[in-house]
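Worksheet: one structure, shown below.
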Amino acid sequence: MSLSWNEIKSRAIEFSKEWENEKSEDAEAKSFWDGFFNVFGMTRRRLANFEFEVKKYGGNSGFIDLFWPGVLLVEHKSRGRDLEKAYSQAMDYFPGISEKDLPKYILVSDFEKFKLYDIEENTEIEFTLKELSKKAYLFGFLAGYKKQEYKEEDEVNIKAAEMMGKLYDAMSEAGYMGHELNVLLVRILFCLFAEDAEIFNIHQFRKYIETRTNVDGSDLGMHLGMLFQVFNTPKEKRQATLDEELNSFEYVNGGLFAENISIPSFTSKMRERLLEACAFNWTSISPAIFGSLFQSVMDKDARRHLGAHYTSEKNILKLIKPLFLDELRKELDECGKNNQKLFLFQEKISKLKFLDPACGCGNFLIIAFRELRLLELEMLKRRFGSESRLGLYDLKQYIHVRPEQFYGIEIDDFPASIAQMAMWLIDHQMNEMAAKIFGENIPDLPLTKGANIFVGNALQKDWEEIVPKNELSYIFGNPPFIGSKIMTKEQRDDIILVFGKKYKGVGVLDYVSGWYMKATQYTYETIIKVAFVSTNSITQGEQVGILWGELLKKYGIKIHFAHKTFKWNNEARGKAGVYCVIIGFANFDVDKKHLYEYEDVKSEAHEMAVKNINPYLVPADDVVIYSKQKPICNAPEMSFGNMPLDGGNLLLSENDKNNLINQNSLIASYIKPLISAKEFLNNGKRFCLWLVDAKPEDLRNMPEVLQRIEQVKEFRLTSKRPGTVKSASTPSLFGEIRDFGEKFIVIPRVSSENRKYIPMGFFDKENIVSDTCMSIPNATLYHFGILESEMHMTWVRHVCGRLKSDFRYSKDIVYNNFPWSENTSEEKMNAVEKCAQEVLNVREKYPNSSLADLYDPLTMPADLVKAHQNLDRAVDSAYGKKTFNSSAERMNFLFELYEKYTSSLILNTVRRKILE
């Protein structure tokens, strides 16, 4: 029985107190994790293994600190170690773990802090040991509590998914699995839908199972095998001695029942599961959501590993409407009731061809086909009218839009089979709709060939072999959402195959970029239009220059429409919130472009007509920003903070500092405040041993420090990085040391997207900046004012890379490319400095408030808001502007200024080369 949450919280408090002052390092990790599991009433030894050996990415062996196959991977570090690096190390183990054993959660810890990553939900939560009792709910899976995954879903679809899931589980538990089980499920689903939709006679399939098979299920497999053979045999070719009831079933064709599979052995329980499914009304299920329905039946580990994700109809329409649907509807409206124009319109849409090169279960293909059929029905009503029911005695000859116009590529055969079948079913539903309008039924059987779904790797397949590009009209879909850091070796090889081995920066690109390049290469010098859903990372940070620079310059790609960042929801269980964009593009330009903006990621889109859309999804010229080592303007250079590379041995909490000084007062002169992003933003206190100028005799007189230095040396010598091993020769020093001068600005490398401004601050040489921050030596109040302004933050929001949705500030992309104001007068510079000082003055009025408090949109003091508004006006004036009507207008201005600076740089470089 699971512990109550009160019991769990009580145990968590006891565990936290026990380990709060414990100074043990990795040698005691087993005891730590035994106690951790005990908090939730679980025995660690029964569930998880320590030092589990796997093959890491690249072929080397590694040892997972603690591994519960299929559930949890733990990476444990010494105190003060970088947990982000621990997470990266954990992800390196994924290629060596079998698919069924891939964990749902990653937990990293250094005894004092925890970070829990939910791989399926794409979330991360950080907390301290003291907060464990408050965060215990996050570990319900350890305590035996089942996570609630359903939210506001259609109960009919949920029930249908559960029924198929039960049948799937029962079959796989009996040992009938893999491809044959997938084929069986697809065939059963067709039969269930066919009898409810009256493609078969009413309850024909259900009645046969109920009356002709044994209750114990012993002969059910045999009867299904006979049925499948009947479905695959035309009536005129069936044996004369065939059972009369079997012969009453229609010939299905379409290839659905053509493959021979082994006969499954059923039990009474499995037979009951099938009959329960027969009793359900399957006509209430929309083929448009078969993707989410059936992927919930598939193994979740395989689904996550393949990068599959679900798609709501609303989000599909966001893509297909601007891609082709809006244009076709407008064209239909312009036809009026002119028979000749309507006939030509029908001929046009019946010749269009569509490709989804990552089709999954076919959601995009299904919705696109349905919408095309609806357009055709509207055309027919205009041509012939509907009230008199026409007397179209052969309605089928008037239906020209066919599933065969649609093509898909899917790497897994199960969703590919679902997509094929779902297209037949939506075709049936559209035929039913036409029959109601015109009073003439369209026969569904035998099935036609249907949609052209190919099983294979889309990045390895030649798309010309699937559909010649001179026949294709549109490409669309939502390729896998897999970031560059978690791609498998095979996926990296796919990207290299598409881009080429010599393509610079290919290792930075997300998996979806392969579809952008593949589609661009395929559509070169054609009029094919393309639109993909993507994670917004391909419009931010370093990826923009690497991907879009090539697409724009070499292939002449133009973006026709785009949805800026929004939250991508779906219609499936366990739906994850992913921040996405939609980008429609082609190898040719158009006059009218449409940009869809959102007030926030959860709001509805606002359409805006623009002249151009660049890769940052800004209505500006086609500008891409490349990584630069130095600023493009006359601005002080930015530098990374100091990197300890110490295993946590040179870093000190306030208690550590006080204890060391109490033991040896000489140590006090070698301890300095450490400025890391977390402490800087949250008024935390952290310290470090700074031994740059330490005298040898002082070190000998500080045995407590010598012990830590020895541990640093041991840590560095065990590293696999040559640079780290080399630094073991100077173990008393940080691994990377930088001199920032007397006074400098500190900028946290990661900051919440919810803040209007990234909090920055001044520090002097008595403070040591850690590598979680950036620093600008020799910076002035003027530089601080510009960086803390709306002008700079607009640049950040559009150019900066992201960690999840938070800003990840970078030197080479964001700062070095930022266009500072040009030819600013001394008077305007003084005005900026005055307003910048006022911002600092207002901050000092709140000594007990952290920067996180002061810059939270909900708690930001009114006088600080006013100070920043004054600073924004002063900065705008320094740039020679009074005001901007929108963020897009401001960004367009900055892009123009950026191009002015960079074109001058290029010209000067050319001049220098000529002079040389």
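All values below come from the heavy atoms of this structure, side chains included, with hydrogens, waters and symmetry mates left out. Being a predicted model, the structure only gives us computed values, none of them experimental. Here, residue 1 is the first one in the sequence, and each next residue gets the next number.
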Qualifying salt bridge (charged side-chain N to carboxylate O under 4.0 Å, His left out) pairs, either residue in [range], two or more places apart:
range            : value
residues 850-867 : K845-D863
residues 830-841 : none
residues 867-878 : D876-R890

Holding to side-chain hydrogen bond (donor to acceptor under 3.5 Å, both in side chains), I want the full list of residues that pass it with [X], two or more places apart in sequence or in another chain.
X    : answer
T780 : H783
E75  : K77, Q89
Q869 : none
K672 : none

> Between W19 and F111, what is the ring plane arrangement, given parallel below 30°, perpendicular above 60°, and tilted in between?
Replying inline: parallel
Is it true that a side-chain atom of [X] and a backbone atom of [Y] form a donor plus acceptor pair closer than 3.5 Å?
X    : Y    : result
S16  : L129 : yes
N817 : D812 : yes
N614 : Y616 : yes

Any residue meeting side chain to side chain contact (heavy atoms under 4.5 Å, CB included) with [X], in chain and number order, not counting sequence neighbours:
X    : value
C688 : L651, L674, W690, F734, I768
K685 : E654, F687
V508 : E542, Q543, I546

> Which ring-ring contact (aromatic ring centres under 6.0 Å, His included) pairs, counting each pair once, include a residue from residues 826-882, with sequence neighbours left out?
Replying inline: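 Applying ring-ring contact (aromatic ring centres under 6.0 Å, His included) to every pair that reaches into residues 826-882, excluding sequence neighbours, yields Y757-H868, Y855-H868.
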> Is the shortest distance from a Lys or Arg side-chain nitrogen in R808 or E84 to a carboxylate oxygen in the other one below 4.0 Å?
Replying inline: no
>> Measuring centre to centre across the rings, with the benzene-like ring taken for any Trp, is F680 within less than 6.0 Å of F763?
In response: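 Yes, the ring of F680 comes within the 6.0 Å limit of the ring of F763, centre to centre.
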> Can you name the residues that form a ring pair (Phe, Tyr, Trp, His ring centres under 6.0 Å) with Y596, not counting sequence neighbours?
Replying inline: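 H563.
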> Closest heavy-atom contact between W820 and A635?
Replying inline: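 What the structure gives for the nearest pair is NE1-CB, 3.6 Å.
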